[in-house]
Novice: 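One structure follows; several queries about it will come next.
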Amino acid sequence: MSGAVTVGERWVALCGGVGGAKLALGLSRVLPADRLTIVVNTGDDFRHLGLHVSPDIDTVLYTLSGLSNTELGWGLAGETWQFMEAMERLGGPTWFRLGDRDLATHATRTTMLAEGRSLSEVTAYLAGRLGVGPAVVPMSDETVATQIDTDEGTLAFQTYFVGRRAQPVVKAIRFVGAAEAKPAQAAVEALVGDDLAGIIVCPSNPWLSIDPLLAIPGWRELLAARRAPCIAVTPLVGGQAVKGPTAKIMGELGLPLDVAAIVDHYTGLIDGFVLDAIDKDCASALKLPTLVTNTMMRTLEDRTALAEACLGFGRRLRARGPEAA
Ligand code: FO1
């Protein structure tokens with residue numbers, strides 16, 4: 001265990017939805033709020049029923065504020081669905097469900113964006129209102145929309161993921177708008193400076209949740225210029241995805257279902273890899289420093305323990321210097 005926080009050190013976490021948010025919560029419990037910046041995927045964002053929905057940002061905000069609906073894995077606890085029932089009566093779309101409480105978030109975001117505020121500003125505002133301490137930052141203030149080329153044609157991300165329950169076979173994944181986007185300024189600022197102790201890629205889907213960020217010009221360069229170690233936490237345990245369609249997509253993209261494929265995907269980006277104790281026999285074949293630990297985050301204690309373990313691993317890599325990479 002890493003023990004107390006080293007004075008002055010700052011950490012950046014890159015994350016998508018549920019799996020990433022669990023580790024982000026752990027990190028938020030073991031680091032002072034002003035020492036953690038959580039950069040979140042916005043490739044899943046879309047406009048629905050006239051509202052700007054940012055699912056991964058909301059999952060992070062709701063998880064860190066203790067308001068998340070842990071049964072659904074998205075949205076707010078104690079949710080009611082009268083809006084959806086009324087929509088159904090009017091013959092409106094009900095495939096993507098916006099809860100009555102959750103609606104307030106989307107309405108606030110949509111209104112503030114229409115007033116000319118950036119997604120970064122809106123996210124900071126929502127975080128403040130919900131009592132979230134660490135900085136939560138979108139990967140970009142510009143629109144980047146994940147699209148999936150499938151055996152049923154090209155599908156917008158939420159149509160594929162929620163509408164078609166990730167059933168179509170994935171052929172390729174595209175990030176529309178990424179080439180014209182740039183990293184959010186608050187993320188850029190978080191990644192520079194001698195006090196940056198490390199970058200943690202949360203156990204999110206590398207292809208759906210981390211690649212949108214990497215597709216934006218400037219992000220790879222920012223990460224390549226890192227003076228602090230970058231470590232990734234496996235989203236695969238024993239060849240299975242902890243959550244969601246990671247394993248299914250890897251198979252469809254012709255990739256082996258193992259942690260080596262995840263490490264390969266992050267080549268040049270990471271200096272260390274955290275894998276689950278179940279996969280300990282795979283560690284020696286990976287050509288980078290590894291940490292073998294429990295990565296299954298069932299309880300809050302699991303989340304804080306994994307967060308502590310990641311911080312300790314990052315600090316050890318940093319102490320060993322660039323040759324450890
Ligand atoms: N996921 C679902 O499976 N069904 C839904 O109806 C649904 C609604 C929804 C509304 C707001 C929100 O922020 C997220 C929502 N999600 C829903 C989850 C979400 O679309 C995905 O889990 C993420 O995009 C993948 O990280």
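Nothing here was measured: the structure is a model prediction, and the numbers come from that model. Throughout, numbering of the chain's residues begins at 1 and tracks the sequence. Read the numbers this way: they start at 1 and go in the same order the structure lists the ligands and their atoms.
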Novice: Ignoring hydrogens and geometry beyond distance, is a side-chain donor-acceptor pair present between T105 and D58 at under 3.5 Å?
Specialist: no
Novice: Taking the basic N atoms (NZ, or NE/NH1/NH2) and the acidic carboxylate oxygens, is any pair closer than 4.0 Å for D151 and K171?
Specialist: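 No, no charged N to carboxylate O under 4.0 Å.
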Novice: What are the atom names and distances for all N or O pairs under 3.5 Å between ligand 1 and the protein?
Specialist:
residue	atom	partner	partner atom	Å
ligand 1	1 (N)	W74	NE1	3.2
ligand 1	6 (O)	R97	N	2.8
ligand 1	20 (O)	Q158	OE1	2.9
ligand 1	20 (O)	Q158	NE2	3.4
ligand 1	24 (O)	D44	OD2	2.8
ligand 1	24 (O)	Q158	NE2	3.0
ligand 1	26 (O)	D44	OD2	3.2
ligand 1	26 (O)	D56	OD1	2.9

Novice: Please determine if E79 and R97 form a salt bridge, counting it only when a charged side-chain N lies under 4.0 Å from a carboxylate O.
Specialist: no
Novice: For atom NZ of K248, decide whether the heavy atoms of other residues, nucleotides or ligands shown that lie under 6.0 angstrom number more than 12.
Specialist: yes
Novice: Hey, is the main chain of Q82 close enough, under 3.5 Å, to the side chain of E85 for a donor-acceptor pair?
Specialist: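 No.
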Novice: Please collect all ring pair (Phe, Tyr, Trp, His ring centres under 6.0 Å) contacts where either partner lies in residues 86-113, sequence neighbours excluded, each pair once.
Specialist: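 Residue pairs with at least one partner in residues 86-113: F46-F96, H48-W95, H48-F96.
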